[in-house]
Amino acid sequence: MNNSHRKFLTTLAAMPVKEFKTHSQKVNPGDVFVCRQGLTWDSHLSAEDAVERGACGVIANRSLDLSVPCIVTPSHSTSVSLINQYYAYPQDKIKHIGVTGTNGKTTVAYCLNQLLNLIGKSAYTGTLGSSFDNVYYPLDNTTPDAITLLNLFHAMEKSDVSHHVMEVSSHALSQDRVTHIDFDTVIITNIGSDHLDYHKHREDYIQAKLRLIDRLKPGGVAIVNLDDEQALSVIERCRSRCKVITFSCTDDQADLYVSQIHSTCSGSEFSLEYQGTEYQVVSKLPFRFNIENSLAVIASMLALGLVISEVLALFGDMQPAPGRSEVYPLSNGATAILDYAHNFDSLSNLYRNVREHNTGKVVTVIGVTGERLADAPEIGQLCFNQSDRLVLTTDNPLGVSQDALFDALTRHLPSETDQTVICIKDRSEGIKEAIADLRSGDVLLLCGKGHEKYQYISKNKNEADPYLGDMDALILAAEHMGLRLVSGKIETGEPADLMVK
């Protein structure tokens, strides 16, 4: 450490630092605001706003005339390193499990965290926010920026968290948000095609996912799905780098092989072969695609040193992730399914499983975000082909005109759709319209938002508009039709027993 770094740390030590923040609007008294020159915004211009909101200091990459101490570093990367030193590298005291893939990240990470909390103290970070020690921390992104992660790791260390399971997005990997984390285990659920608005080419997307393997510690373990078409690429990337545990529903040479599958909308049963012994497994996760997610969870527990009997004993109590294939029977015999499916691969999987178990009509409520405008025509066509009735609505336009999103979603649809397709901007009204003619045996799919209770109408993700939420909108729409949900407790994305920070 050179003298300038020591000086920086001495200056920080003299401040009453609570947390480090990168968004001025989220600064609270006692926080230190960290500036960065981004692609579209230079947050140095927000430094005075941060001070007015109570920042006790600022870390910048150029001199600023402020009423609080301003530490000037040569780059944002140096600022991150400085904060890491100030916190004394809290991430190094925790075992990290990283989960990436086109589909299944949230289910695998959330469920694995459940099981780890049965034997110790674990934390989760991902699409559902971050949670540990009975505290829930809302997040802007599936994988937060490096500074937000360091704040979380510092809090985890103080709470004696031993394991941390996190979803790692392709954006985060390509933007080096997790370069300061050495993972003990990485899980590649599958690699399809997604976020091509950002990655431009599928190969770039695939290579971004594979970068997670490069973040493994020496002696780490990679969990690989042999049924994924990119399995060979994943295993090749692991060669001479780490141990590999494979799972499959089709290849009996996998370390974990499943056969005799019986899946329903309320759970699954299957035979699991591991090291020459066969085990009968019952899962509360619905549909066939969740068997792959279950195998990823089991393999991860084995990678962490548990024996198969211990893992399966814990596995029986595992609950589905909020907003992922939540099934709610209605009093008239129809069924509503709340699912976060929002890309082509996840929607195709959902439709395939729903059609396998259903003989009535399928009604879909869905929109696309402003970031997925390029994917909208393909998604609209898929949903039209798989639905008996399709309600297109709003899902985080992010500054894109909703009419433009509707135009994209319907671009490849027939000009005459005989009222089977309707566009409604108000999502709650769209759900009410969708439920209106449901009959016994029909299925209503509420896709894309899960338990999110906001809409990003503008492109500024710091200015979320409140939204009732699909679950509450469903309940109100059912009551309007004289129906009720006949399932038990309704789960939410923010567990009722957790304190929101």
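Taken from CD1 in Ile457 to CD in Glu463, the straight-line distance is 12.0 Å, to the nearest 0.5 Å. Within the model, atoms CG of Leu226 and OG of Ser248 stand 5.5 Å from one another, a figure rounded to the nearest 0.5 Å. Atom CD of Glu269 sits about 11.0 Å away from atom CD of Gln260, to the nearest 0.5 Å.
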For Asn396 and Lys449, what are the C-alpha separation, side-chain angles and deciding distance, and is it a side chain to side chain donor-acceptor pair (under 3.5 Å)? CA-CA 9 Å; Asn396 300 336; Lys449 288 197 72 66; 3.1 Å; yes

Passes ring pair (Phe, Tyr, Trp, His ring centres under 6.0 Å), Phe153 versus His164? Steps please. CA-CA 9 Å; Phe153 294 153; His164 172 231; 5.3 Å; yes

Is there a side chain to side chain donor-acceptor pair (under 3.5 Å) between Ser79 and Thr73 once you walk through the steps? CA-CA 6 Å; Ser79 299; Thr73 68; 2.7 Å; yes

Apply side chain to side chain donor-acceptor pair (under 3.5 Å) to residues Asn225 and Glu292 and explain how you reach the verdict. CA-CA 8 Å; Asn225 179 5; Glu292 290 187 359; 3.1 Å; yes

Could you check Asp145 against Arg177 for salt bridge (charged side-chain N to carboxylate O under 4.0 Å, His left out), going step by step and ending with a plain yes or no? CA-CA 6 Å; Asp145 62 88; Arg177 292 186 217 158; over 6 Å; no

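Using a 4.5 Å cut-off on side-chain heavy atoms (C-beta onward), Leu302 and Leu256 make contact. Thr107 is listed as a side-chain neighbour of Asn290, based on a closest heavy-atom distance under 4.5 Å. Counting only heavy atoms from C-beta outward, the side chains of Phe315 and Ile298 approach each other to under 4.5 Å. A heavy-atom distance below 4.5 Å is found between the side chains of Arg241 and Ile213. The side-chain heavy atoms of Pro69 and Met15, taken from C-beta on, include a pair separated by under 4.5 Å.
Contact between Val17 and Val32 at its shortest, heavy atoms only, is CG2-CG2, 3.8 Å. The two residues Pro322 and Leu128 come nearest to each other via the heavy atoms CD-CD1, 3.7 Å. Closest non-hydrogen pair, Val221 versus Ala303, comes out as CG1-CB, 3.8 Å. Heavy atoms only, all atoms of each residue included: Val68 and Cys56 are closest at CB-O, 3.6 Å. Nearest approach of Lys18 to Pro29, heavy atoms of both residues: CD-O, 3.3 Å. Here the shortest heavy-atom pairing between Leu112 and Ser300 reads CD2-CB, 3.7 Å.
Of the N and O atoms on the side chains of Thr78 and Ser75, at least one donor lies less than 3.5 Å from an acceptor on the other residue. No donor-acceptor contact under 3.5 angstrom links the side chains of Ser259 and Ser271, judged on distance only. Neither side chain, Ser162 nor Lys121, offers a donor N or O lying under 3.5 Å from an acceptor on the other. Using modelled atom types and a 3.5 Å distance limit, the side chains of Glu167 and Thr106 yield a donor-acceptor pair. Asp255 and Gln275 share no donor-acceptor pair across their side chains, judged by distance under 3.5 Å alone. Donor-acceptor pairing under 3.5 Å is recorded for the side chains of Arg237 and Gln207. Looking at Ser122 and Asn117, their side chains never bring a donor and an acceptor atom within 3.5 Å of each other. A donor-acceptor contact closer than 3.5 angstrom is absent between the side chains of Thr369 and Asp395. Using modelled atom types, one finds a donor on one side chain and an acceptor on the other under 3.5 Å when comparing His451 with Glu326. Using modelled atom types and a 3.5 Å distance limit, the side chains of Arg215 and Thr179 yield no donor-acceptor pair. Judged purely by distance below 3.5 Å, without hydrogens or angles, the side chains of Thr102 and Asp345 never pair a donor atom with an acceptor atom. Side chain to side chain, Ser346 and Asn343 meet the donor-acceptor criterion of an N or O pair below 3.5 Å. For the residue pair Ser233 and Glu236, no side-chain donor N or O sits within less than 3.5 Å of a side-chain acceptor on the partner. Using a 3.5 Å distance cut-off with no hydrogens or angles, the side chains of Ser130 and Thr125 do pair a donor with an acceptor.
With ring centers used as reference points, Tyr124 lies 6.0 Å or more from His163. Ring pair Tyr89/Tyr87: centre-to-centre distance not below 6.0 Å. The ring of Phe33 has its center no closer than 6.0 angstrom to the ring center of Phe20. Taking the centre of each ring, Phe132 and Tyr137 come in below the 6.0 Å mark.
Pairs engaging residues 43-59 under the side-chain hydrogen bond (donor to acceptor under 3.5 Å, both in side chains) rule: Ser24-Asp49, Trp41-Ser46, Asp42-His44, Asp49-Arg53 [sequence neighbours left out].
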